[in-house]
Every structure is written in C-alpha cells, then in structure tokens.
Amino acid sequence: HANYNLGSTEKNRVLSALFAAQPTVVLNDLFAPERRDERVGLRSFFDDDDLLGSPLDRIPETTLLGWCDEDSTVRYPLIAARLVPFSKAPNSDKPQWKSSALALLERAPNKIEVLRHYIDHFAPMSWSGPRSATWDANARLLDHFENHPDLDLAAFARLRRGELKRLIVDLKRQELDSEKRENERF
C-alpha cells in the first residue's frame, strides 16, 4: 500500500482476507495507539465497494463489538468513522442501515458521536440522476431514530435531518439552475 502498488480492489480483497482470518490481530495492528498518525489515510481502506463490500463487513459482529468494548470510549467512534453504516437494499437503490452499524451504535457509550460519524458517510461518492436524490435517500436513514428511547439521540437525529433537508433544498435549487443554464444554451 505504501508504494501504491495495490489498486482499490486488491486492497479490499487483501484486507478482507486478513479480517476474515485474524480480525482481532488486524484491528489491534491497524488501530494501535502508536499508529494514530497513519490512520488519516486509512479511510480509503474501508470505503464500501458496491461489488465487494467493505472489509469491515468481514468481521463477525460479536468480534467487532467485543473489540470495541475493550476501550469503548475510543474504539466505538474509531470504527464508526470507518464503517460504512448502510448499504443498498436488495433490488433497490434505497439505502438501509447495516445491522452491524445499528448494533455498534446501540452499544456505544456515546451514541451521538457514533451517529455523527455515520452521517459523515451520507455524502454521495457516486450517484446516478440528481445528486440531491441520493442525499435525500441517505438523509431519510435518520428517520429510523425519530422515536429512539435515547431521547438525546432522537433529538440529535431530528436536528440533523432538518439541517440535511435544508441542504437538499439548496442542492435541488442549484441543480435546477444548472439544468436551466444547460437547456438555454441550445
């Protein structure tokens, strides 16, 4: 990786194989406190691949949660920042929460911090059609927490959903303006 000899597919496959074989050893090595400065570039390792999935998806949920429990205030947000928390629903482009992401959030000592990291993944990396539609579909995931028993988490989710609605309205306006300019050229 350091020599840029691996493409994203190869990185995904290698890391997936390592997580499948020795998840705790790999987690301990990649996220060792002394490697804190190296973590900045690690996000690309965990980005969800539509065909292959995220390497973190290869770790059994109980193993991942157990590892996070060992240093919960540090590890839950650390993994939440790298875990792609949703995937496309079968036979649909509609996103849905991954069960492992919801389990991670429920066990985290600071649920709001974990959800904040999940929301960071809402920005579309690729899309077809209007970008605002992808943003809107991702933002609707927050509706899941509207009646959550943790009232602070529910309030935070509603607040962020409102902020994202305003962002989406602005994005739609920009898309319409851009489309109008493109159509006026002819």
Side-chain angles (χ1 to χ4, degrees), residues 15 19 23 26-28 30-33 35-50 53-59 61-89 93-127 131-172 174:
L15 197 54
F19 277 139
V26 178
L27 286 167
N28 285 336
L30 284 177
F31 299 109
R35 296 185 81 177
R36 182 178 306 263
D37 294 338
E38 297 172 34
R39 288 189 204 144
V40 175
L42 284 180
R43 179 158 182 191
S44 67
F45 269 140
F46 303 108
D47 283 342
D48 199 27
D49 181 294
D50 286 340
S54 172
L56 287 172
D57 294 340
R58 304 310 184 275
I59 302 172
E61 188 176 299
T62 55
T63 303
L64 184 62
L65 295 173
W67 183 82
C68 288
D69 284 341
E70 290 176 18
D71 189 1
S72 60
T73 57
V74 172
R75 289 181 176 180
Y76 277 97
L78 185 66
I79 292 300
R82 284 152 184 88
L83 180 73
V84 179
F86 55 90
S87 60
K88 292 180 183 170
D93 281 341
K94 185 178 176 183
Q96 65 182 13
W97 289 110
K98 291 179 182 176
S99 64
S100 58
L102 293 174
L104 191 90
L105 183 134
E106 290 302 326
R107 285 199 28 192
N110 186 337
K111 292 173 180 48
I112 291 173
E113 184 177 9
V114 168
L115 185 57
R116 186 175 286 122
H117 286 298
Y118 288 174
I119 293 168
D120 290 343
H121 287 277
F122 283 6
M125 301 301 280
S126 65
W127 63 91
R131 189 167 148 225
S132 60
T134 303
W135 261 109
D136 188 43
N138 292 347
R140 288 177 192 269
L141 289 167
L142 292 174
D143 296 345
H144 177 86
F145 302 103
E146 190 165 320
N147 297 313
H148 195 277
D150 181 328
L151 299 179
D152 291 335
L153 180 68
F156 175 76
R158 283 191 298 275
L159 174 73
R160 291 305 309 268
R161 180 76 165 102
E163 291 169 357
L164 290 173
K165 279 182 180 180
R166 288 187 290 281
L167 179 140
I168 292 163
V169 166
D170 289 344
L171 189 54
K172 284 179 181 178
Q174 292 170 11

Quick one: does [X]'s side chain get under 4.5 Å of [Y]'s, heavy atoms only?
X    : Y    : result
K88  : P95  : no
L15  : L30  : yes
S99  : E61  : yes
L167 : F122 : no
F19  : L27  : yes
I168 : K165 : no

Which heavy atom in [X] sits nearest to a heavy atom in [Y], and how many Å separate them?
X    : Y    : result
P85  : A101 : O-CB, 3.5 Å
G66  : R107 : N-NH2, 4.4 Å
S132 : K172 : OG-CG, 3.4 Å
V114 : A80  : CG1-CB, 3.7 Å
P23  : T63  : CG-CG2, 3.9 Å
P77  : E113 : CB-OE2, 3.5 Å

Q) Does V84 offer a backbone N or O that forms a donor-acceptor pair with the side chain of K98 under 3.5 Å? A)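 Yes, because the side chain of K98 sits within donor-acceptor range (under 3.5 Å) of the backbone of V84.
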
Q) Counting only N and O atoms by type, is there a donor-acceptor contact under 3.5 Å from the side chain of H117 to the main-chain atoms of I112? A)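 No.
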
Q. Without hydrogens or angle criteria, can the side chains of H148 and E106 be said to hold a donor-acceptor pair below 3.5 Å?
A.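 Looking only at side-chain atoms, E106 and H148 do form a donor-acceptor pair, the distance falling under 3.5 Å.
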
**Q.** Exercise: do Y76 and D69 side chains pair donor with acceptor under 3.5 Å
**A.**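 Yes, a side-chain donor-acceptor pair sits under 3.5 Å.
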
With rounding to the nearest 0.5 Å, note down the distance linking [atom1] in [X] to [atom2] in [Y].
X    : Y    : atom1 : atom2 : value
L104 : K111 : CG    : NZ    : 10.5 Å
L56  : S100 : CG    : OG    : 8.5 Å
N147 : R158 : CG    : CZ    : 7.5 Å

Q | Criterion side-chain contact (heavy atoms from CB on, under 4.5 Å) on L105 and L153, from CA distance to verdict | A | CA-CA 10 Å; L105 183 134; L153 180 68; 3.7 Å; yes

**Q.** Step-by-step side-chain contact (heavy atoms from CB on, under 4.5 Å) determination, T73 to N110
**A.** CA-CA 7 Å; T73 57; N110 186 337; over 6 Å; no

Q | salt bridge (Lys or Arg N to Asp or Glu O under 4.0 Å) between R166 and D170, intermediate numbers included | A | CA-CA 6 Å; R166 288 187 290 281; D170 289 344; over 6 Å; no

Q) Are R116 and D120 close enough for a salt bridge, meaning some N to O gap below 4.0 Å? A)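 No, this pair does not count.
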
Q.
Check the orientation of Y118 and W97. Use parallel for under 30°, tilted for 30 to 60°, and perpendicular for over 60°.
A.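 Because their plane-to-plane angle lies in the 30° to 60° range, the rings of Y118 and W97 count as tilted.
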
Q: Give me the ring orientation class for F31 and W67: parallel if the planes are under 30° apart, tilted from 30 to 60°, perpendicular past 60°.
A: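 Answer is tilted, since the angle falls between 30° and 60°.
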
Q | Criterion side-chain contact (heavy atoms from CB on, under 4.5 Å) on R160 and L115, from CA distance to verdict | A | CA-CA 10 Å; R160 291 305 309 268; L115 185 57; over 6 Å; no

